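Following: one structure in structure tokens, then a few remarks.
Counting begins at 1 with the first residue of the sequence. The structure presented is a predicted model; accordingly, all values stated were derived computationally and were not measured.
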Amino acid sequence: IAELTDIGYKMFAYKFLFEFCVETDANKCFEYAQKAVSLADFEKDYNPEIPMHKTWLDCVNQLGYCYDMGVGAEVNYDKAFELYQKCAKLGLPLGKANLAECYELGKGVEKNEINALCYYNDALVAGYEKAEENLKRVLEKLGIEKQYSGAYIPRKEEFYMDIEDVFVVTDRGVVITGQVKTGCIN
């Protein structure tokens, strides 16, 4: 890796090494994720169409995973939450699902099933299909018994909600109505 001069190639190499050793060497995984994330910071000018930017964001999510699961580092839910939040803000579907889990379980943030619901739905809309089972689970926790039928693509103002909001399940999915106050920020 040291011979690679282009940041993108180095980042890709670290990402590959992380994925290769995730089951065998936790300390190396953490090291590779840290190195990849430290090579650059594309948060201000992130463009998902640029492969190097996408690879960097995947690495940020991987570093969050290390802190979340204690892979090569001590568990640090606050740091994992911060990294997942960055990924969700920049549009990474897996980052949105990971952030939803933080809200659902209260990992690094106060437990908030409304935000969990919002981010799981957002992850599903963005193409992360595994989020659907998690979304169903949160709906059940909230006492919504009717069958869930897929992601509802909300209008922007519907992403801002408060615990007092009302949930309506239709054949289009989950519709969130009520006062616009606080909550999921896309």
Side-chain angles (χ1 to χ4, degrees), residues 1-109 112 115-135 137-138 151 153-154 159 184-186:
I1 294 176
E3 293 79 37
L4 295 173
T5 55
D6 182 65
I7 290 173
Y9 287 120
K10 286 182 181 179
M11 202 175 298
F12 178 77
Y14 286 131
K15 181 178 183 291
F16 173 78
L17 289 169
F18 174 91
E19 292 170 357
F20 179 74
C21 72
V22 75
E23 297 294 325
T24 58
D25 190 342
N27 290 328
K28 282 291 183 190
C29 286
F30 181 70
E31 177 186 331
Y32 294 143
Q34 275 189 313
K35 285 182 179 181
V37 170
S38 70
L39 287 171
D41 186 350
F42 298 116
E43 186 171 6
K44 286 185 175 68
D45 60 347
Y46 179 74
N47 181 346
E49 302 301 316
I50 299 174
M52 183 171 45
H53 288 205
K54 174 75 169 80
T55 300
W56 171 79
L57 193 57
D58 288 339
C59 293
V60 171
N61 193 67
Q62 289 172 334
L63 187 57
Y65 174 82
C66 288
Y67 285 114
D68 188 7
M69 305 304 286
V71 175
E74 285 191 36
V75 171
N76 184 335
Y77 293 136
D78 293 337
K79 187 68 175 166
F81 176 81
E82 175 187 316
L83 293 166
Y84 291 153
Q85 192 172 39
K86 181 183 293 191
C87 292
K89 176 183 169 193
L90 295 175
L92 185 68
L94 180 56
K96 293 175 184 193
N98 289 335
L99 186 62
E101 182 179 275
C102 289
Y103 278 114
E104 179 184 3
L105 303 175
K107 293 164 62 174
V109 66
N112 184 327
N115 278 351
L117 177 69
C118 183
Y119 279 108
Y120 281 135
N121 188 65
D122 198 19
L124 184 60
V125 169
Y128 188 69
E129 293 177 12
K130 293 179 181 180
E132 185 168 5
E133 287 303 313
N134 298 328
L135 200 119
R137 184 182 59 247
V138 173
I153 302 174
F159 254 134
C184 259
I185 299 172
N186 188 11

Next on the checklist: Please give me the minimum heavy-atom distance between Ala123 and Ala131, naming the atom from each residue.
Outcome noted: CB-CB, 3.9 Å
Checklist entry - To the nearest 0.5 Å, what is the distance between CG (Leu94) and CG (Asp58)? => result 8.0 Å
Next on the checklist: Looking at every non-hydrogen atom in both residues, tell me the closest pair between Phe30 and Cys66 and how far apart they are.
Outcome noted: CD1-CB, 3.6 Å
Checklist entry - Can you say whether the rings of Phe42 and His53 are parallel (under 30°), tilted (30 to 60°) or perpendicular (over 60°)? => result parallel
Item to check | Separation of Asn112 CG from Leu117 CG (nearest 0.5 Å) | outcome: 10.0 Å
Next on the checklist: A side-chain contact here means heavy atoms from C-beta on lying under 4.5 Å apart; do Val75 and Asp68 qualify?
Outcome noted: no
Checklist entry - How many angstroms lie between SG in Cys29 and CG in Leu63, if you round to the nearest 0.5 Å? => result 11.5 Å
Next on the checklist: Can you give me the closest heavy-atom contact between Ala36 and Cys59, atom names plus distance?
Outcome noted: CB-SG, 3.4 Å
Checklist outcome for this item: Between Leu90 and Glu43, the two heavy atoms sitting closest are CD2-O, 3.8 Å
Checklist entry - Relative to each other, are the rings of Tyr103 and Phe81 parallel, tilted or perpendicular (30° and 60° limits)? => result perpendicular
Next on the checklist: Between Lys35 and Leu39, is the side-chain contact (heavy atoms from CB on, under 4.5 Å) condition met? List the steps.
Outcome noted: CA-CA 6 Å; Lys35 285 182 179 181; Leu39 287 171; 5.7 Å; no
Checklist outcome for this item: For Glu101 and Tyr120 the tightest heavy-atom approach is CA-OH, 3.3 Å
Next on the checklist: With rounding to the nearest 0.5 angstrom, report the NZ to CG distance, Lys54 to Leu92.
Outcome noted: 5.0 Å
Checklist outcome for this item: Scanning both residues in full, the closest heavy-atom pair of Trp56 with Lys86 reads CH2-CD, 4.0 Å
Item to check | Donor-acceptor under 3.5 Å (Tyr84 side chain, Tyr65 main chain) | outcome: yes
Checklist entry - Side chains of Tyr67 and Glu82: is there a donor and an acceptor less than 3.5 Å apart? => result no
Item to check | Rounded distance [0.5 Å steps], CG in Leu57 versus CD in Gln62 | outcome: 10.5 Å
Item to check | Side chains of Asn61 and Asn98, donor plus acceptor under 3.5 Å | outcome: yes
